[in-house]
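The structure under discussion appears below in the form of structure tokens.
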Protein chains: 2
Amino acid sequence: MSEDVFRALADPTRRRILDELAERNGQSLFEICTRLVTKHGLGLSRQAVSQHLAVLESAGLVVSRRQGRYKFHDLNTEPLERVMNRWLKTDSPENSS
Amino acid sequence: MSEDVFRALADPTRRRILDELAERNGQSLFEICTRLVTKHGLGLSRQAVSQHLAVLESAGLVVSRRQGRYKFHDLNTEPLERVMNRWLKTDSPENSS
DNA sequence: ACGATAGGCAAGTAGCGACTTGCCTATCAA
DNA sequence: TTGATAGGCAAGTCGCTACTTGCCTATCGT
């Protein structure tokens, strides 16, 4: 929940992950993995996706809930809304780093 | 006018430059340089700022107009609007890389 | 209990990206 | 025309980051 929303969005793979979660919320790491490989043809390891999810989570764009041996991930668009009114002044004057 | 709006936004210095232009449009390279140094205390060379402006311009976030030996830079928020409705679906369904 | 599944924790590698440095071009003022 | 100003080009350095590899922990089914 920090401030590196921009840095988190910088990577195309992470954007794909957000797309994936936007289309189908509450996926596990392996679900996201296989979907990225099959639907988008990306060849990346489980660890890669895991690290991407960590970045997204620390940016507050993804929240996760542990449940048994599964960890489900949900999209959270709230940081996006806060951060985008920095130059598009359509709302409150909340600026930051 | 390409597609790396996200990558352009990833760097904090570039975000500062956008802030600068949002506050005062039509600045030259040197104006932006001195403002970044004095107001934000950043110590960077002219070349650094020039390269940042090039990135912002190729992302379509900044447009420039040459005039004599000066080159003035203007903020363009239109790519931001297009790109943000990717996960915040408040508008048209325009998605991209 | 055992194996299989879901995930985590480093440490290491490779490439990209931000920044510098040095030199070159172009425009204006005197 | 000369000097100063505004900016561009290209190569080189250095740190960060995306990704891999190897091993470890935890939970579930049978």
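No experiment lies behind these values; they were computed from the predicted model shown. Numbered from 1 within each chain, the chains take letters A, B, ... in sequence-line order.
- Phosphate contact (OP1/OP2 of C:dG8, side-chain N/O of A:Lys71, threshold under 4.0 Å): present.
- A distance of 8.0 Å separates CZ of A:Arg35 from NE2 of A:His40, quoted to the nearest 0.5 Å.
- Side-chain contact between A:Leu53 and A:Ile32 is present, with at least one heavy-atom pair separated by less than 4.5 Å.
- No path of Ile, Leu, Val, Met, Phe, Trp and Tyr side chains, each step under 4.5 Å between heavy atoms, connects A:Phe72 with A:Leu18, placing them in separate hydrophobic clusters.
- Residues A:Val37 and A:Phe30 are members of separate hydrophobic clusters, defined by side-chain heavy-atom contacts under 4.5 angstrom among Ile, Leu, Val, Met, Phe, Trp and Tyr.
- In this structure, CD on A:Glu57 lies 7.0 Å from NE2 on A:His73, to the nearest 0.5 angstrom.
- Distance CG (B:Leu42) to C1' (C:dA18): 13 Å, rounded to an integer number of Å.
- Put simply, CG on B:Leu53 is 16 Å from C1' on C:dG17, counting in whole angstrom units.
- Considering B:Asn76, B:Leu56, B:Val55 as possible partners of B:Val62, the one that fulfils the side-chain contact (heavy atoms from CB on, under 4.5 Å) test is B:Leu56.
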Per-nucleotide protein contact string for nucleotides 12-24 of chain D (B base, S sugar-phosphate only, - none; heavy atom under 4.0 Å): -----SSBBB---
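- Less than 4.0 Å separates DNA chain D from no heavy atom of any residue of residues 26-34 of chain A.
- An end-to-end axis angle of 30° holds for the helix from C:dA1-D:dT30 to C:dA30-D:dT1, taken from five base pairs per end and rounded to 10°.
- Note on B:Glu20 versus B:Arg16: no salt bridge recorded, every NZ/NE/NH1/NH2 to OD/OE distance being 4.0 Å or above.
- Residues A:Leu61 and A:Leu21 are not in side-chain contact: their nearest non-hydrogen atoms beyond the backbone lie 4.5 Å or more apart.
- Rounded to an integer number of Å, the gap from B:Ile17 CD1 to C:dC19 C1' is 13 Å.
- The separation between A:Arg66 atom CZ and D:dT27 atom C1' is 9 Å, rounded to whole Å.
- Using modelled atom types, no side-chain atom of A:Asp4 and backbone atom of A:Ala59 make a donor-acceptor pair closer than 3.5 Å.
- Evaluation of the side-chain hydrogen bond (donor to acceptor under 3.5 Å, both in side chains) test over residues 42-54 of chain B, restricted to residues two or more places apart or in two chains, returns B:Arg14-B:His52.
- For B:Arg66, the side chain to side chain contact (heavy atoms under 4.5 Å, CB included) partners at least two apart in sequence or on another chain are B:Lys71.
- Taking hydrophobic clusters as Ile, Leu, Val, Met, Phe, Trp and Tyr residues chained together by side-chain heavy-atom distances below 4.5 Å, B:Tyr70 does not share a cluster with B:Val63.
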What pairs of nitrogen or oxygen atoms, one from the protein and one from nucleotides 28-30 of chain D, lie under 3.5 Å apart?
unit_1	atom_1	unit_2	atom_2	d
D:dC28	O4'	A:Arg69	NE	3.4

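- Taking the side chain as every heavy atom from C-beta outward, B:Asp11 and A:Phe6 never approach each other to under 4.5 Å.
- Rounding to whole angstrom units, CG of residue B:Leu56 and C1' of C:dG17 are separated by 14 Å.
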